[in-house]
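Each chain gets a letter, A, B and so on, in the order the sequences are listed, and its residues count up from 1.
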2 protein chains.
Amino acid sequence: MTAQVGIADVAAAAGVSRTTVSLVLNNAQSRISDETKTRVRRIATEIGYSPNSVARSLRTRRTRTIGLISDRIATTPFAGRMLAGVHDVARENEYLVFLVNTDGESQIERDAIRALAGQQVDRVIYASMWHQELRAPAELPSSAVFLDCRPIGSNHAAVVPDDRAGGAAAVSELIAAGHRRIAYVDTTENPRPVAADLRWRGYLDVLKAAGLPIDPRLHVREELSAAGGRRATESLLRLPPHSRPTAVFFFNDRMAVGAYAAANALRLEIPRDVSVFGFDDQQLVASELDPPLSTVALPHYEMGRWAMEMALDQRPPPESTYLMTCPVIRRASVGPPSPSPTKTG
Amino acid sequence: MTAQVGIADVAAAAGVSRTTVSLVLNNAQSRISDETKTRVRRIATEIGYSPNSVARSLRTRRTRTIGLISDRIATTPFAGRMLAGVHDVARENEYLVFLVNTDGESQIERDAIRALAGQQVDRVIYASMWHQELRAPAELPSSAVFLDCRPIGSNHAAVVPDDRAGGAAAVSELIAAGHRRIAYVDTTENPRPVAADLRWRGYLDVLKAAGLPIDPRLHVREELSAAGGRRATESLLRLPPHSRPTAVFFFNDRMAVGAYAAANALRLEIPRDVSVFGFDDQQLVASELDPPLSTVALPHYEMGRWAMEMALDQRPPPESTYLMTCPVIRRASVGPPSPSPTKTG
DNA sequence: CTTCGTGGATAAATCGGTTTATCGGTTGGT
DNA sequence: ACCAACCGATAAACCGATTTATCCACGAAG
């Protein structure tokens, strides 16, 4: 392992000063002859010079690094897309990303913020792995950007999914397909996820706008799991015919999976007998079901990009939390409603 | 934002030189009076000193950072556990991790290695998101550690899952449950995953050791998806009774999911009529199926830890690629074989 | 009385770049 | 002939820590 070639080596080989080399390689607007410029550049690549970013950073006080603090990367399948979004923008701008995982422990969080500050990161992104409201740690600089969470008691820039509009879009799809009795399968999770509430609000928005009645029997709460989704679906499908829903909108895909088992057990077919809508577009799940699950995608990649662009000041600061659109993913779990056994009118 | 407090500020406040402050805070073996030591330490915390790692790194030539190069973090649900393993060890040792995603493009890879070298990272971990054999980029230092991939043509330290032993363990479980006719559902993926071959070898190992015949009809290849797994299962279960398998071992969970749909379509029940074994222990899938899927877990977290410990020289270099054990996860998809309709003997 | 050793602390060099101020030389204007 | 402007290039300061070499004072030894 030969020692790293430095700027002094380039200077010596080119017969100029280190100053000149620095000016040339940084394209500083300075009066250096074209002849010298090309020679320095040629020699630099010839001898394989690559600058020591640590030394540069010390002087310039900018490191071209950002710190990404996340509460947990391991336990959610969405983390990757968010990281990818952040990372892609970083790479496009020749930034490097420090990744720190806190497991949600505030002591680790504080240590991480300290360590990142010590490393002189240019900015910090404070990410949550699901949409929630968080109080910023006192040590967090005000320039930090919140990703997939919104700050309580501070006005950090922030981006979260527009769950309300997403829920509305899902329900609109079902209405457009002809459904009039649409259930919402909620979660009993405690504390209640912000998203569960927003999606429910979206549901209400659309039903009201369409002039449809809100039937409390069609709002059921269950454990956040496939089994919970199955139980919810079974109870809904056992309602008397005239109150039974023809479509079910689930808090998320994980619960929606349970609908398939329930339909199977009741010898019903999706979407012929009941339409199903999920939320999250969970990879390797939603698209692999039979029939593939219609759902609303969480824009994790886009949110990651947004946060990083924000961190690099490439976006005007929003007046408040930025709501990222959740695109509807149309698959085969939605169809026209099955004719009601007792037809009214 | 007040300027970062530096070592000079501590020195001034304590009425000593910067040298003294440095010696005290680094616990250097030096003759400094206890009185001075405690005073310096007290003042340092009082005024909130935190060292500038950039400056320190420049001098010490060690940055306490490592670079983690991965081919893709977004598209696999396992990435998180691997990152978590790497990260936990990093944190325990007060290291920070640069995360770089290359999407498998060698140009990005080269740029990343250059950038990380410029940042003077102490070590590099070269990770793949699934078990494969890779040729190291020429620029990769020989001290780099391979994670979830083994090097071709170089002898970098490396860790991969012991897929062969994992496959053997799965099949052993099935044999222990009483099965004699066990199918292996392979993938047609091209290029063929290393793991598909190793798991198959594990299958053969066990059948041979148990003195059971190898029936080529029980080795089927299908597309790597739930649909592929379903087709494979259906073809297996339609074999004539005396050649039909009583248990199916799938290349991975994703394909094993198809067995549930197939069983349903054929009005068979898992595990009463057929036992099912997966591989990967894919989160939010294997455990959520009904019945929950018995499978073999990929030790991503442990491999991540191993790689980072290796990078920090906390492990003796292995003579060759380290094979990490894949633990068997017993769930409810395995039972005793259903009695063959035509009983012989 | 001089020399030596030692405890406590520090001045100065160093890491590898960037930035500022300055240099010598040539040209151009008056 | 003198000064200003400008060109091309560089010496030296600087970033904030660590590390080396050195300093002073004091007590013990010769």
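- B/R64 has its CZ atom 13 Å from the P atom of D/dT18, to the nearest Å.
- Taking a heavy-atom distance under 4.0 Å as the criterion, the stretch of DNA chain C touched by chain B extends 5' to 3' from C/dG7 to C/dG16.
- One finds a side-chain N or O of A/R61 lying less than 4.0 angstrom from the OP1 or OP2 phosphate oxygen of D/dG16.
- Under 4.0 Å is where a charged nitrogen must lie from a carboxylate oxygen, and between B/D313 and B/R123 at least one such pair does.
- Using a 4.0 Å heavy-atom cutoff across all strands shown, B/V16 reaches sugar-phosphate atoms only and no base atom.
- Sorted by residue number, the members of residues 33-45 of chain B with any non-hydrogen atom under 4.0 Å from DNA chain C read B/S33, B/T36.
- Within a 6.0 Å radius of CZ in B/R62, no more than 12 heavy atoms belonging to other residues, nucleotides or ligands are found.
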_Under 4.0 Å protein heavy-atom contacts per nucleotide of nucleotides 20-29 of chain D, with B for base, S for backbone only and - for none_ = B---------

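- Between B/S22 and the options B/V24, B/N26, B/L25, B/T20, a side chain to side chain contact (heavy atoms under 4.5 Å, CB included) holds for only B/N26.
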*Take B/Q4 and B/S50, measure what side chain to side chain donor-acceptor pair (under 3.5 Å) needs, and give me the verdict at the end.*
CA-CA 8 Å; B/Q4 179 85 355; B/S50 88; 3.1 Å; yes

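- Here the options are B/R305, B/H300, B/E302, the test is side chain to side chain contact (heavy atoms under 4.5 Å, CB included), and the partner is B/M82; only B/H300 passes.
- A salt bridge does not link A/R114 to A/D111: none of the charged nitrogens lies less than 4.0 Å from a carboxylate oxygen.
- When each of B/Q314, B/E309, B/R64 is checked for a side chain to side chain donor-acceptor pair (under 3.5 Å) with B/N93, only B/Q314 meets the rule.
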